[in-house]
Trainee: 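Okay, here's the structure, questions in a sec.
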Amino acid sequence: MTKKKEQSTMRIGLLGLGTVGTGVVKLLRENSDIINMKTGLNLEIAKVLVRDAKRPRPGVPEDLPITDDVREILADPSIKIVVEVMGGVEPARAYMIDALKAGKTVVTANKDVVSQYGKDLYAAGDVGDAELYFEASVGGGIPVIRPLKESMSANRMQKVMGIVNGTTNYILTQMSQFGRPYEEALREAQALGFAEADPTNDVQGYDAGRKLAILASIAFMSRVTPDQVFTEGITRVTPKDIEYGRRFGWTIKLLAIGKEVDGQIEARVHPAFVPSSHPLASVHGSLNAIFTEGDPVGETMFLGRGAGAGPTASAVVGDLISAALSKRTPGRRAGDACTCLFEKKVVDMGQVSAKYYLRLTSEDKPGVLAHITMAFGAEGVSIAQMVQGTGGDVATDDGKGELVLVTHTVKEAQMQRVVKRLNGIPEVLSVDNVIRVEA
Ligand code: NAP
Ligand code: HSE
């Protein structure tokens, strides 16, 4: 016979009723029975904060108590847990700090605030039984924060790497697999609810940079902030680069890479070619995937929907359940402790090693190739592969030639110097793109 679960009601304040907020409301209503069966919890939404409480909200239950006055949540002692899904830095940061200082536990999906102000949030919550949960801030519906903080806490982590932005993965998949234009794919990602309010954060890599800062901080036990993450977005990736990559047997992805090498941290986000046989190459659409490597666990991979209402609500409500169970049994504080106990150096991007793909346009005349290869040689950069022209044609009709060179592994600083040298060669008309290649 199963033991009857202790029954308790927990009143929740919800900040935000957009894509994620409505997903949370729907999930709590539709699955309240299984949540109760598993935990004995009745999670009751006491109040929902929006910007404009008078705006009609089709599809939102009519009995949902909506307000545009945050004090109705923050000053209500019966509300024990605040779920922040408003997005942006302010006023979300201030509301979370106020809630934590008032002893309320905060559950948030906000990587902008957690990555930049994690330290302040932990400090504010260091009173009573206030806790901080942020599973949905990285990887949408994929459980990765708690596994890192709890299940794998006995490990020394060496690597966290993956695809952590659904919008850009969706765009690159559409461009690569269906030849869809960039703008069209971006509009679709926005319509599907994957993109941030300002999609610049997605396509310029800032969203992935913030997520990597969170992952690296937890994995390497040292606070990494977004300004320490080298960040390059996908806006310079062209169909031509994708096509060349295909000829080399590669697929392009926006990768977030965090490593600890000799006590120092490498943290970077940029487009990268990966072999098409690599497990990350088959992570398509809005899917996210995060690889971790730790001692003694070895390699672990987390895969799932990285954005969208349902997956994100799943992570938020998962946190909410943990938070409510913890409130019901004070002192439990599961997985809540800040573990940034070291101050490790984040290495300069110039010292990072990779292979490089470089595409350039030059005048098509004798001797040009020698000048180009000399620029590589002068910086000690060895060329592994070279291709002229997209379709195998050596030159275009207008007397210009296109050349793609792939290097062996070199330091980023060496490659930057090669680009400088190439730009100084009169016959080189433009260095069109440089993309890192991750084996
Ligand atoms: P959203 O659709 O833009 O919704 C934001 C909600 O917050 C709206 O209901 C808005 O009110 C409310 N809001 C914003 N600023 C406010 C303010 N100053 N005062 C009161 N209410 C305010 O955003 P979202 O896509 O749900 O994202 C929310 C958070 O989840 C963000 O931190 C995002 O990064 C994160 N996240 C999103 C996803 C995703 O797939 N969308 C996935 C993972 C994490 P109105 O309705 O009145 O405008
Ligand atoms: N804009 C984000 C993405 C939402 O596309 O991955 C999830 O954080």
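Heads up: numbering here begins at 1 and tracks the sequence. All ligand and atom numbering here is 1-based and tracks the order in the structure.
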Trainee: Please report which non-hydrogen protein atom sits nearest to atom 15 (N) of ligand 1, along with the residue it belongs to and the distance in Å to one decimal place.
Mentor: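 Scanning the protein heavy atoms, the shortest distance from atom 15 (N) of ligand 1 goes to R51 NH1, 3.5 Å.
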
Trainee: What do you reckon, does G88 have a nitrogen or oxygen under 3.5 Å from a nitrogen or oxygen of ligand 1?
Mentor: no

Trainee: Does E84 reach ligand 1, in the sense of a heavy atom lying below 4.0 Å from it?
Mentor: no

Trainee: For the pair T312 (side chain) and A136 (backbone), establish whether a donor and an acceptor sit closer than 3.5 Å, ignoring hydrogens and angles.
Mentor: no

Trainee: By number and element, which atoms of ligand 1 are closer than 4.0 Å to a non-hydrogen atom of A136?
Mentor: 43 (C), 44 (C)

Trainee: Below 4.0 Å, non-hydrogen atoms only: which portion of A307 touches ligand 1? Side chain, backbone, both or neither.
Mentor: both

Trainee: Compute whether any side-chain donor of one residue and acceptor of the other, for N36 and Q7, lie under 3.5 angstrom apart.
Mentor: yes

Trainee: Applying salt bridge (Lys or Arg N to Asp or Glu O under 4.0 Å) between D432 and each of R236, K240, R359, report the one that passes.
Mentor: R359

Trainee: Once side chain to side chain contact (heavy atoms under 4.5 Å, CB included) is applied, do any residues pair with Q351, and if so which ones, sequence neighbours excluded?
Mentor: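 In terms of side chain to side chain contact (heavy atoms under 4.5 Å, CB included), with neighbours along the sequence ignored, Q351 is linked to K411.
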
Trainee: Which atoms from ligand 1 have a heavy atom of N110 less than 4.0 Å away?
Mentor: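 Near N110, meaning under 4.0 Å from one of its heavy atoms, ligand 1 has 32 (O).
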
Trainee: Nearest protein heavy atom to atom 4 (O) of ligand 1, by residue and atom, and its distance?
Mentor: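 Of every protein heavy atom, G18 CA, 3.2 Å lies nearest to atom 4 (O) of ligand 1.
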
Trainee: How about CD on E90, more than 12 heavy atoms from neighbouring residues, nucleotides or ligands closer than 6.0 Å, or not?
Mentor: yes

Trainee: Please verify the inter-ring angle class for W250 with Y357; under 30° counts as parallel, over 60° as perpendicular, anything in between as tilted.
Mentor: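 Aromatic pair W250/Y357 classed perpendicular.
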
Trainee: Is the backbone N or O of V283 less than 3.5 Å from a side-chain atom of N169, with the two atoms forming a donor-acceptor pair by type?
Mentor: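 Yes; at least one donor-acceptor contact below 3.5 Å.
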
Trainee: For atom 36 (N) of ligand 1, what is the nearest protein heavy atom, given as residue, atom name and distance?
Mentor: K111 NZ, 3.8 Å

Trainee: Counting only N and O atoms by type, is there a donor-acceptor contact under 3.5 Å from the side chain of N110 to the main-chain atoms of G88?
Mentor: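 A pair under 3.5 Å: yes.
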
Trainee: Can you tell me which residue and heavy atom of the protein come closest to atom 39 (C) of ligand 1, and the distance to 0.1 Å?
Mentor: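 Ranking protein heavy atoms by distance from atom 39 (C) of ligand 1, first comes G193 O, 3.6 Å.
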
Trainee: Only one of E260, K259, K159 clears side-chain contact (heavy atoms from CB on, under 4.5 Å) with E266; which?
Mentor: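 So, applying the side-chain contact (heavy atoms from CB on, under 4.5 Å) to E266 and each of E260, K259, K159, only K259 qualifies.
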
Trainee: When you measure from the centre of the six-membered ring of F342, is the NZ or CZ of K344 closer than 6.0 Å and no more than 45° off the axis?
Mentor: yes

Trainee: Please list, in number order, the atoms of ligand 1 under 4.0 Å from a heavy atom of L17.
Mentor: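 Once the distances to L17 are compared, the set is 6 (C), 8 (C), 9 (O).
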
Trainee: Nearest to atom 28 (C) of ligand 1, what protein heavy atom do you find, and at what distance?
Mentor: V85 O, 3.3 Å

Trainee: Tell me the closest heavy-atom pair linking V274 and A281, and the distance in Å.
Mentor: CG2-CB, 4.0 Å

Trainee: Indicate, as side chain, backbone, both or neither, the part of V20 found under 4.0 angstrom from ligand 1 when only non-hydrogen atoms are considered.
Mentor: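 Looking at V20 and ligand 1, atoms from backbone and side chain both fall under 4.0 Å.
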
Trainee: Given a heavy-atom cut-off of 4.0 Å, could you list the residues near ligand 2 in chain and number order?
Mentor: K111, N165, G166, T167, F194, A195, E196, D202, D207, K211, G306, A307

Trainee: Quick check on atom 25 (O) of ligand 1 - does any protein heavy atom sit closer than 4.0 Å to it?
Mentor: yes

Trainee: Please work out which of G23, P91, A109, S137 has its closest non-hydrogen atom nearest to atom 30 (O) of ligand 1.
Mentor: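 Looking at heavy atoms only, A109 sits closest to atom 30 (O) of ligand 1.
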
Trainee: Are any side-chain N or O atoms of N423 and backbone N or O atoms of V419, one a donor and one an acceptor, separated by less than 3.5 Å?
Mentor: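 Confirmed, N423 side chain pairs with V419 backbone.
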
Trainee: Counting non-hydrogen protein atoms only, what is the nearest one to atom 43 (C) of ligand 1? Give residue, atom name and distance.
Mentor: T312 CG2, 3.3 Å

Trainee: Please list, in number order, the atoms of ligand 1 under 4.0 Å from a heavy atom of D52.
Mentor: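 Every atom of ligand 1 under 4.0 Å from some heavy atom of D52: 47 (O).
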
Trainee: On a heavy-atom basis, I'd like to know which of M86, R57, K54 is closest to atom 45 (P) of ligand 1.
Mentor: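 Answer by nearest heavy atom: R57.
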
Trainee: Is there a donor-acceptor pair closer than 3.5 Å between any side-chain N or O of E150 and the backbone N or O of M152?
Mentor: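 Side chain of E150 to backbone of M152, a donor-acceptor pair under 3.5 Å: no, none is there.
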
Trainee: Report, as yes or no, whether the 6.0 Å neighbourhood of atom CZ on R29 holds more than 12 heavy atoms from other residues, nucleotides or ligands.
Mentor: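 Buried by this count: over 12 neighbours within 6.0 Å.
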
Trainee: Of K47, R11, R71, which meets salt bridge (Lys or Arg N to Asp or Glu O under 4.0 Å) against D76?
Mentor: R11

Trainee: Among K253, R268, K355, whose salt bridge (Lys or Arg N to Asp or Glu O under 4.0 Å) with E438 holds?
Mentor: R268

Trainee: Looking at atom 33 (C) of ligand 1, what's its closest protein heavy atom, distance included?
Mentor: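 I find the closest protein heavy atom is E196 OE1, 3.6 Å.
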
Trainee: Could you find the nearest protein heavy atom to atom 12 (C) of ligand 1 and give me its residue, atom name and distance?
Mentor: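 The protein heavy atom lying closest is G16 CA, 3.9 Å.
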
Trainee: Considering distance alone, does some N or O of A195 sit under 3.5 Å from an N or O of ligand 1?
Mentor: no

Trainee: So is G308 close enough to ligand 1, meaning a heavy atom under 4.0 angstrom away?
Mentor: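 Heavy atoms of G308 do come under 4.0 Å of ligand 1.
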
Trainee: Evaluate whether atom CG of D63 has more than 12 neighbouring non-hydrogen atoms of other residues, nucleotides or ligands under 6.0 angstrom away.
Mentor: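 Above 12, so yes.
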
Trainee: Judged by atom type as modelled, is there a donor-acceptor pair below 3.5 Å linking the side chain of S176 to the main-chain atoms of T173?
Mentor: no

Trainee: Give the atom numbers and elements of ligand 1 that come within less than 4.0 Å of a heavy atom of L49.
Mentor: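 Atoms satisfying the 4.0 Å criterion: 20 (C).
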
Trainee: Looking only at distances, please establish whether an N/O atom of ligand 1 is found under 3.5 Å from an N/O atom of T19.
Mentor: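 There is such a contact, yes.
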
Trainee: So is G140 close enough to ligand 1, meaning a heavy atom under 4.0 angstrom away?
Mentor: no

